[in-house]
*Asks:* 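Dropping the structure in here first, questions after.
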Amino acid sequence: MPLVNVEDYRAAARRRLPRFVFDYLDGGAEDEIALRRNRAAFEDPILTPRVLNPVAQRDQSVGWLGKRLPTPIVIAPTGLNGLFWHEGDLKLARAARRLGIPFTLSTASNASIEQVAATGAEFWFQLYVMHRALADELVDRAFAAGASQLVLTVDVPVGGKRERDLRNRFVMPFRLRPDTLLDIACHPRWLWSVGRHGAPAMGNLGGAASKDPNVQAALLSRNMDASFSWDDLARLRDRWPRPLLVKGILHPADIRRAAEIGVDGIVLSNHGGRQLDAAPAPLSQLEEAVSPGLPILLDSGIRRGTDIVKARLAGADAVMIGRAALYGLAVGGEDGVVEVVKLLQSEIDRTQALMGLPNLNVRSAVCVGEHKSLTLSAGISSQYQWVWP
Ligand code: FNR
């Protein structure tokens, strides 16, 4: 059967991956309320179409920090991509290169920063701070390798309680148990294409800093440095001269503070519902998030092109996709990622045509002329209005 939407790719990924791998990819924290809320938030907004506005030519490119993205999509940082496809990080990077969109490499990646740089893709580097000396080394390596943006993830002072992983005993250090072996044996395609290469290594954590006994202790504890503060963010701002984004921020006061420190943008995110289960859906925070005027990427729950149009109309510049790209990766490697992003692009294009939007240069922030205005009944907290481009 043809795979016609992201949910189809999810179902195919579920068939292909051992259960403990699929659950790691797909799951959220605790009762998975945030995970469901992320999806529910996108069901709420109503798009009232305008007709007879010529839409024969459609353009979905958007601006991001002085550059043009061909579509408002960036691949989100995700750890352990080597579990979904052999050399998963490199496949994602190559797919992003083919699509002309940025790929964000996680600190918890299996490929190293330098291996990803060698693909020629535009890549951003996502930083987790486990130990300051290690973080400094990673930032310097990312700079030297040409990462064009640094993304500091701030919503993981501790890991979320992912109960699917606990049930599957998918906790580090990972040990193969009889039930895991059975799980793997029932997925021979994955065993042949991924499992036979052995457990993927952590590609970034073998540099000089990791020889330091304090860094080793921090890595062994597998904890983040929960003492990292706003002052540390200000220091990071000084250290990193290229665009700096803060990811995993949701409260309007925090967004203002990040703006004061001089970050270049934020990723409005609840980590795909994998951290604080009571967190709001990023879409519901968007209206307040736009006021400090920082460029905004939104993630968590994007599964449809229409979701991306909704996020864009409600004030986000573009979105990050996490699981959607990973379902594609798990099903078809590099080609699978390209297929999923193209599918989202075609859904965006169709939504634009049906909405009467030849391009996406329409923002809630633009002032409204009564007779020209178009209303997106957001159902979130108020109505957004914008003028024709
Ligand atoms: C993530 N996410 C994540 N974020 C981050 O900053 N560093 C990381 O290493 C990871 N790792 C990770 C692994 C997996 C399997 C998933 C699904 C997610 C969060 C990710 O960047 C993004 O915020 C969410 O995935 C967005 O939600 P959706 O698109 O998955 O619904």
Side-chain angles (χ1 to χ4, degrees), residues 6-7 9-10 13 17 20-29 32 34-42 72-85 88-89 92 102-111 113 116 124-130 135 138 149-157 159-160 162 164-165 168 170 172 200 202-205 222 224 245-250 266-276 279 281-283 296-305 307-308 311 316 318-330 337 340-341 344:
V6 170
E7 182 56 34
Y9 278 85
R10 175 177 182 267
L17 298 173
F20 74 97
V21 178
F22 178 77
D23 278 348
Y24 161 68
L25 190 173
D26 196 60
E32 303 193 335
L35 189 65
R36 287 192 297 278
R37 188 178 282 141
N38 287 341
R39 286 303 305 140
F42 281 110
I73 301 175
V74 173
I75 298 185
T78 53
L80 301 183
N81 291 330
L83 283 180
F84 312 128
W85 196 271
D89 298 300
L92 282 159
F103 163 64
T104 315
L105 181 72
S106 164
T107 291
S109 62
N110 298 125
I113 296 170
V116 169
W124 302 356
F125 182 66
Q126 176 268 323
L127 182 67
Y128 276 141
V129 179
M130 288 170 278
L138 291 172
Q149 306 196 12
L150 182 66
V151 182
L152 175 73
T153 297
V154 292
D155 57 4
V156 188
R162 318 235 174 102
R164 296 199 214 179
D165 293 347
N168 295 331
F170 184 60
M172 298 296 166
M202 301 304 283
N204 288 322
L205 307 183
R222 291 166 211 286
M224 298 297 164
L245 314 182
V246 177
K247 173 173 181 284
I249 194 164
L250 289 163
I266 57 166
V267 186
L268 199 68
S269 166
N270 66 17
H271 213 104
R274 294 162 78 85
Q275 286 297 108
L276 178 66
L283 190 68
I296 299 178
L297 295 175
L298 177 143
D299 81 14
S300 301
I302 302 282
R303 302 289 183 272
R304 285 276 182 195
D307 300 339
I308 300 171
V319 304
M320 278 189 165
I321 55 166
R323 293 182 187 83
L326 297 182
Y327 298 141
L329 179 68
V337 179
V340 163
V341 174
L344 290 172

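Just so you know, ligand 1 is whichever comes first in the structure, and atom 1 is the first atom listed for that ligand. Positions are given from 1 along the sequence. None of the values given here were measured: they were computed from a predicted structure.
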*Asks:* Going by distance alone, is a donor N or O of one side chain under 3.5 Å from an acceptor N or O of the other, for Asn81 and Ser109?
*Replies:* no

*Asks:* Which protein heavy atom lies closest to atom 29 (O) of ligand 1, and at what distance to 0.1 Å?
*Replies:* Gly322 N, 3.0 Å

*Asks:* Distance under 4.0 Å to a non-hydrogen atom of Arg303: what atoms of ligand 1 satisfy this?
*Replies:* 28 (P), 29 (O), 31 (O)

*Asks:* May I ask you to check whether Gly79 has an N/O atom sitting below 3.5 Å from an N/O atom of ligand 1?
*Replies:* yes

*Asks:* I'd like to know if the side chain of Arg323 and the backbone of Ile302 have a donor-acceptor N/O pair within less than 3.5 Å.
*Replies:* no

*Asks:* Can you tell me which residue and heavy atom of the protein come closest to atom 8 (C) of ligand 1, and the distance to 0.1 Å?
*Replies:* Tyr128 OH, 3.1 Å

*Asks:* Partners of Arg162 by side-chain hydrogen bond (donor to acceptor under 3.5 Å, both in side chains), sequence neighbours excluded?
*Replies:* Gln275

*Asks:* Is any N or O atom of Ile321, backbone or side chain, closer than 3.5 Å to an N or O atom of ligand 1?
*Replies:* no

*Asks:* How far is atom 6 (O) of ligand 1 from its nearest protein heavy atom, and which residue and atom is that?
*Replies:* Thr153 OG1, 2.7 Å

*Asks:* Counting each atom of ligand 1 from 1 as listed, which ones have a heavy atom of Gly272 under 4.0 Å away?
*Replies:* 24 (C), 26 (C), 27 (O)

*Asks:* Gly301 to ligand 1: N or O pair under 3.5 Å?
*Replies:* yes

*Asks:* Considering only the protein, which heavy-atom contact is closest to atom 22 (C) of ligand 1, and what is its distance?
*Replies:* Asp299 OD2, 3.2 Å

*Asks:* Can you tell me how far CG of Leu35 sits from CG of Asn270, rounded to the nearest 0.5 angstrom?
*Replies:* 8.5 Å

*Asks:* Going from OG on Ser300 to CZ on Arg37, what distance comes out if it is rounded to the nearest 0.5 angstrom?
*Replies:* 12.0 Å

*Asks:* List every atom of ligand 1 that sits less than 4.0 Å from any heavy atom of Ser269, numbering the atoms from 1 in the order shown and giving each element.
*Replies:* 23 (O)

*Asks:* Given Ala324, Gly248, Pro77, identify the one with the heavy atom nearest to atom 20 (C) of ligand 1.
*Replies:* Pro77

*Asks:* With rounding to the nearest 0.5 angstrom, report the OG1 to CE distance, Thr107 to Met130.
*Replies:* 6.0 Å

*Asks:* Cut-off 3.5 Å, side chains only: do Thr153 and Gln126 have a donor facing an acceptor?
*Replies:* yes

*Asks:* Who's closest to atom 1 (C) of ligand 1 heavy-atom-wise, of Val6, Thr78, Leu105, Leu297?
*Replies:* Thr78

*Asks:* Counting from 1, what ligand 1 atoms have a heavy atom of Leu25 closer than 4.0 Å?
*Replies:* 15 (C), 17 (C)

*Asks:* Taking only heavy atoms of Ser300, which atoms of ligand 1 are found under 4.0 Å from at least one of them?
*Replies:* 26 (C), 27 (O), 31 (O)

*Asks:* So is Tyr24 polar-close to ligand 1, meaning N/O to N/O under 3.5 Å?
*Replies:* no

*Asks:* List for me each residue that meets side chain to side chain contact (heavy atoms under 4.5 Å, CB included) alongside Asn110, sequence neighbours excluded, and say none if there are none.
*Replies:* Leu80, Asp89, Pro200, Met202

*Asks:* Considering Arg162, His271, Arg274, Arg323 one by one, which has a heavy atom nearer to atom 16 (C) of ligand 1 than any of the others?
*Replies:* Arg274

*Asks:* Starting from atom 9 (O) of ligand 1, locate the nearest protein heavy atom and write down its residue, its atom name and how far away it is, to 0.1 Å.
*Replies:* Ser106 OG, 2.7 Å

*Asks:* Look at the rings of Phe170 and Phe20 and say which category their plane angle falls in: under 30° parallel, 30 to 60° tilted, over 60° perpendicular.
*Replies:* tilted

*Asks:* Can you tell me how far the NE2 atom of His271 sits from the OG1 atom of Thr78, to the nearest 0.5 Å?
*Replies:* 9.5 Å

*Asks:* Quick one: CH2 on Trp124 to CG on Leu105, what's the gap to the nearest 0.5 Å?
*Replies:* 13.5 Å

*Asks:* Would you mind running through ligand 1 and noting each atom that sits below 4.0 Å from a heavy atom of Lys247?
*Replies:* 4 (N), 5 (C), 6 (O), 19 (C), 20 (C), 21 (O), 22 (C), 23 (O)

